[in-house]
Amino acid sequence: MTDTTSAPADASPGLLDAYDAGRVEAKWRRTWEERGDYRTNLDSPQRPFYNLAMFPYPSAEGLHVGHMLPYSGVDIYGRWRRLHGDDVFEPMGFDAFGIHSENYALKIGEHPAVVMKRAVSNFRDGQLKMIGAMFDWDHQVNTADPSYYRWTQWLFLRFFEAGLVEWRDGAVLWCPSCLTVLANEQVEHGRCERCDSVVETRWLRQWWLKITRYAQEMLDALDTLDWSESTKLMQRNWIGRREGARISFDLEGCERPDVAVFTTRPDTLFGATFVVIAADHPQLEEFVPAERRGELNAWRNRLPGPQAEPDFSVGIDLGSTAIHPLTGARLPVWSAPYVLYDYGTGAIMAVPGHDERDHAFATEHGLPIVEVISGGDAVATAYAGEGTLVNSGELDGMPSDQARKRIVEMLENTHRGQATITYRLRDWLISRQRYWGPPIPIIHCPTDGQVAVPDEDLPVLLPELADFRPTGTGVSPLATVEDWVNVTCPKCGGPARRETDVSDTFLDSSWYFLRYPSTDFDAVAFDRERTNRWLPVDMYIGGNEHAVRHLLYSRFVMRGLHGMGLVNDPEPFAKFRAHGMIVKDGAKMSKSRGNVVNPDEYIEKYGADTFRLYLMFLGPYTAGGDFRDEGIVGISRFLQRVWRGTQRATVADADDDEERERRRHRLVGGVDADIAELHYNTAIAQLMEFARELDHESAAGRGRLVDAETLLLCLAPFAPHITEELWQRTGHDGSVHAPGGWPEHDPDLAARVEVEVAVQVNGKLRATMTVPAGTGEDDLRQRALELPRIVELLGEAEPRKVVAVVDRIVNVVV
RNA sequence: GCGCGGAUGGCGGAACCGGUAGACGCGCGGGACUUAGGAUCCCGUGGGGCAACCCAUCCGAGUUCGAGUCUCGGUCCGCGCACCA
């Protein structure tokens, strides 16, 4: 610390040197690295504990304090587990492939490989190593390194072989600015989540991973996971299981004989007044009379892309007729973009009386609106609630929830429909028409179709390309590299062409936790024994912005591998907690907003320990908060107290007294419980109280050595350097971070002997009294009523009731 | 619109199962040491009142001996989803 050269006013003359964070921290970081303290024995751990932080994607902007909060919190948890005797594996790596990295490279006009190399070394050596985390750098990964993406490609091929990959045409979401297709998860309100451009629809043949196959399994397994409830809820909503019915309508006047619709409200079937087919339905032509196909296609070609706000004025009467399965009524068949092709069956029965969208559409186009559930004004506004059936023939008067089942039965008996389940989740589109990613390892052969690149030919190296700009034509810039594209088919040896798309960045990060323990294996993606020993991850901490993408994709990949028998566990992360986000002036930190706070200057000025503690003390770890540095001096004072208090403690352990012992056990138990729940802010508050008392006692020559030792051990996860230095200075040989060193604590010994009990009269606090802990209710009542203050207040009045709660309160009611 | 959270001193935040609201820290006030200090240390600090006491956890009801905590109804803020039938 550069600005605290003067000794404390009450220091024993000339004994203590000032706390110099810079010197202490550099010394211990060097020592730990030289000794290899944090290299994990991956092959023969007694109690393996995989402690994982979401890895960053390197950028030239460097890490800001918004990154340091999660990493500090992860490291505290890991160091705490280590002190409890676990063999903690805490790796770190870099998500260096992807559009974000490529876009930045484009912006500054350098090749992404060059930019990333520089950014990674700055992240790692300039920043991550400075915070004193116990990252095991022997096992780092970099998703853009051939030694990593070779296995990303290998993984793709395993899914390909297992039938979990499809190459198919589809209406895809296209970003006109990023010039690539996007996954469903990357589009928000019809806009690209990265650049905010309005997304367009394109028809392209693309690679999809069949994540929907696991929708139900992933939904069910959520109950077995120890994850933040908010995260689980988001996944549940994203998977979006809906129970309903599939109902078949016969068609007249077109090639197609019938159409199936999906509805969650079969009870409203009698209110269906028309049928709507999705405008992007690939076989839409089959729903119109043959002579109207030209008209239909002309209409379809004029349709806009997906809209943020649905436009119910857009729609076309197809001219064919649907027959109501129960009433035989003849309903018009329409097509409109407000009906989605890739949800349900791509067609709906429109019930304008009980669905707002159908109501809006019916109103726009003058279609009939019928009320079939009483309870609201169906004709005027659409009533979506429950009620009693009306205008529903024999079912009139039946409650809607019963009718739901009854109508499905009726349909099942006549084979016109059945109960069914639909999910909101879509398959994962992984093709990207960009440069900076792993080439999809497929060869297109005119005779053999889509052929996997043989494993022994992996990696399919990303060719070095001077002009890597996206083309916007629906193909990747890789297509221009003729001598790379043209190959011979591995099956027939004839001429063939490579797939030129690269895969989505989220595929890179969907399995990186599998690679960390096995980075020293060149011949396999992940060693079986290592994997089964270390997976699933014991504690995973990251941002909730990845709740439905990274976390869902990773679960899918793991489940796929599990299905192939390649891993033992179907889930990647046994425990997940979302950390809070640090904002600045109410907004997320970003260079464009100009509100980025660089941690480097704080680390340089105050030291990493102070900075870590300060971030953790700002507020609850899982809540985050607004970054202001006004309070950092409080942490600085706290560490100086620790510096003095522990070094001046001289009283031997043999002279320990019972009250101090109780205080110590309370500290250990309290900090232990707080860290377990990630309540770092309150753990630090307890440490501050303890340090202040020790400092005072030490200044008076009564500081206990055992107190100093306990304080250092409990503080060690938070402030690894200063505690290590003080551990040595207070006469210890090994490291304060040695596995299993956490002080034992006995809840009985932590219990208070005397407690202060509040005495209320009619619920108002009027006095307190100190009594032995555990004093019984009757005893409490008697003591309270004898208190002079209470006697005075009661006067002549006779208490109607006296409530007593042991160790807490007495309430006298008059 | 639907679904989740949240609202506590000047500020960040504590408060286990309903039991002394405001731990810890910042800031502020006073003092000590100082040539000086924005360094460090000590004491005080929700508001009002001389005091007894009164008022205080977004607002309004309710349950209870007792409510920041539970119930109902609002207001505001944040997050997720939003044509998903």
Side-chain angles (χ1 to χ4, degrees), chain A residues 3-11 188-190 229-231 233-234 236-238 240 242 244 261-265 268 276 278 306-312 336-340 342-345 347-351 354-358 360-361 384 422-426 544-545 547-548 581 583 586 614 617-620 623 625-638 640-641 644 673 679 681-689 692 695-696 699 756-768 793 799-814:
Chain A
D3 58 346
T4 49
T5 43
S6 57
D10 59 344
E188 297 166 351
H189 303 87
E229 269 315 308
S230 61
T231 313
L233 187 69
M234 277 193 251
R236 279 191 197 103
N237 291 341
W238 193 263
R242 287 294 131 77
V261 302
F262 172 76
T263 180
T264 55
R265 292 295 300 270
T268 64
V276 189
Q307 306 284 302
E309 293 294 318
D311 183 353
F312 293 105
Y338 89 89
V339 173
L340 305 173
D342 58 357
Y343 180 76
T345 60
I348 62 153
M349 62 173 201
V351 185
H354 303 282
D355 182 282
E356 272 182 48
R357 298 149 300 179
D358 296 345
F361 191 78
T422 289
Y423 302 89
R424 208 192 76 112
L425 183 70
R426 310 296 154 85
N544 226 5
E545 68 271 22
V548 291
M581 192 164 58
V583 296
Y614 183 59
F617 193 59
L618 217 50
D626 209 275
F627 185 84
R628 297 166 327 282
D629 58 10
E630 284 96 31
I632 198 166
V633 63
I635 299 292
S636 188
R637 287 175 191 148
F638 161 53
Q640 289 186 61
R641 279 207 163 103
R644 286 193 307 263
H679 295 164
N681 55 334
T682 48
I684 294 166
Q686 295 184 64
L687 289 162
M688 284 173 162
E689 279 184 82
R692 188 179 52 209
D695 182 33
H696 290 171
E756 202 177 62
V757 168
V759 182
Q760 298 180 335
V761 176
N762 289 335
K764 302 258 183 201
L765 180 71
R766 288 297 181 250
T768 60
L793 277 166
R800 281 196 289 129
K801 186 176 177 184
V802 182
V803 182
V805 179
V806 173
D807 290 353
R808 290 282 176 191
I809 203 163
V810 176
N811 190 9
V812 183
V813 187
V814 272

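Throughout, a chain's letter reflects where its sequence line sits, starting with A, and its residues are numbered from 1. In this text the structure is predicted, and so the values were computed from the model without any measurement.
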A.B. asks: Measuring to OP1 and OP2 of B:C54, would you say a side-chain N or O of A:Arg766 lies under 4.0 angstrom away?
C.D. replies: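 A:Arg766 to B:C54 OP1/OP2: side-chain N or O found under 4.0 Å.
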A.B. asks: The side chain of A:Thr768 is closest to which nucleotide in this list: B:C54, B:G3, B:U20?
C.D. replies: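 Between B:C54, B:G3, B:U20, the one nearest the side chain of A:Thr768 would be B:U20.
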A.B. asks: Which nucleotide in the list B:C83, B:C26, B:C81 gets nearest to the side chain of A:Arg424?
C.D. replies: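 Selected nucleotide: B:C81.
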A.B. asks: Parallel, tilted or perpendicular, judged at 30° and 60°: which one describes the rings of A:Tyr338 and A:Phe361?
C.D. replies: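 Geometry flag for A:Phe361 against A:Tyr338: tilted rings.
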A.B. asks: Check whether any side-chain N or O of A:Arg692 sits under 4.0 Å from OP1 or OP2 of B:C24, and answer yes or no.
C.D. replies: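 Checking B:C24 against A:Arg692, a side-chain N or O does come within under 4.0 Å of OP1 or OP2.
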A.B. asks: Report yes if a side-chain nitrogen or oxygen of A:His354 is closer than 4.0 Å to either non-bridging phosphate oxygen (OP1 or OP2) of B:A85; otherwise report no.
C.D. replies: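 For B:A85, neither OP1 nor OP2 has a side-chain N or O of A:His354 closer than 4.0 Å.
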A.B. asks: Using the criterion of both pairing distances under 3.5 Å for Watson-Crick and G-U wobble pairs, give all stems of 3 or more consecutive pairs involving RNA chain B.
C.D. replies: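 Consecutive-pair runs (3 or more) involving RNA chain B: B:1-7 with B:75-81, B:10-12 with B:24-26, B:27-32 with B:40-45, B:46-48 with B:53-55, B:58-62 with B:70-74.
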A.B. asks: Between B:C41 and A:Arg637, counting only base atoms on the nucleotide and side-chain atoms on the residue, is there a donor-acceptor pair under 3.5 Å?
C.D. replies: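 Answer no: no donor N or O sits under 3.5 Å from an acceptor.
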A.B. asks: Mind checking the P distance from B:G13 to B:G3? Whole angstroms is fine.
C.D. replies: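 28 Å, rounded to whole Å.
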A.B. asks: For a quick test of reading the model: is some side-chain N or O of A:Asn681 closer than 4.0 Å to OP1 or OP2 of B:A14?
C.D. replies: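 Checking A:Asn681 against B:A14: at least one side-chain N or O falls below 4.0 Å of OP1 or OP2.
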A.B. asks: Please determine, for the side chain of A:Arg808, which listed nucleotide (B:U20, B:A85, B:G25) has the closest atom?
C.D. replies: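 Nearest to the side chain of A:Arg808 among the choices is B:U20.
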A.B. asks: For A:Arg242 and A:Pro620, take the nucleotide of RNA chain B holding the closest heavy atom to each; which residue's nucleotide lies nearer the 5' end?
C.D. replies: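 So the residue in question is A:Pro620.
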A.B. asks: Which nucleotide in the list B:C41, B:C24, B:U20 gets nearest to the side chain of A:Ile809?
C.D. replies: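 The answer is B:U20, which lies nearest to the side chain.
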A.B. asks: Do the side-chain N or O atoms of A:Tyr343 get closer than 4.0 angstrom to the phosphate oxygens (OP1, OP2) of B:A85?
C.D. replies: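 Yes, within the criterion.
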A.B. asks: Among B:G3, B:C26, B:G12, which is the nearest nucleotide to the side chain of A:Val633?
C.D. replies: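 In terms of side-chain proximity for A:Val633, the closest of B:G3, B:C26, B:G12 is B:C26.
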A.B. asks: Tell whether A:Gln640 reaches the base of B:U40 with its side chain through a donor-acceptor pair below 3.5 angstrom.
C.D. replies: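 Side chain to base: no pair below 3.5 Å.
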A.B. asks: Reading RNA chain B from 5' onward, which residue's closest nucleotide shows up sooner: A:Gly619 or A:Lys801?
C.D. replies: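 The residue closer to the strand's 5' end, by nearest nucleotide, is A:Gly619.
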A.B. asks: Would you mind telling me which of B:G3, B:C84, B:C53 lies closest to the side-chain atoms of A:Leu340?
C.D. replies: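 The closest nucleotide is B:C84.
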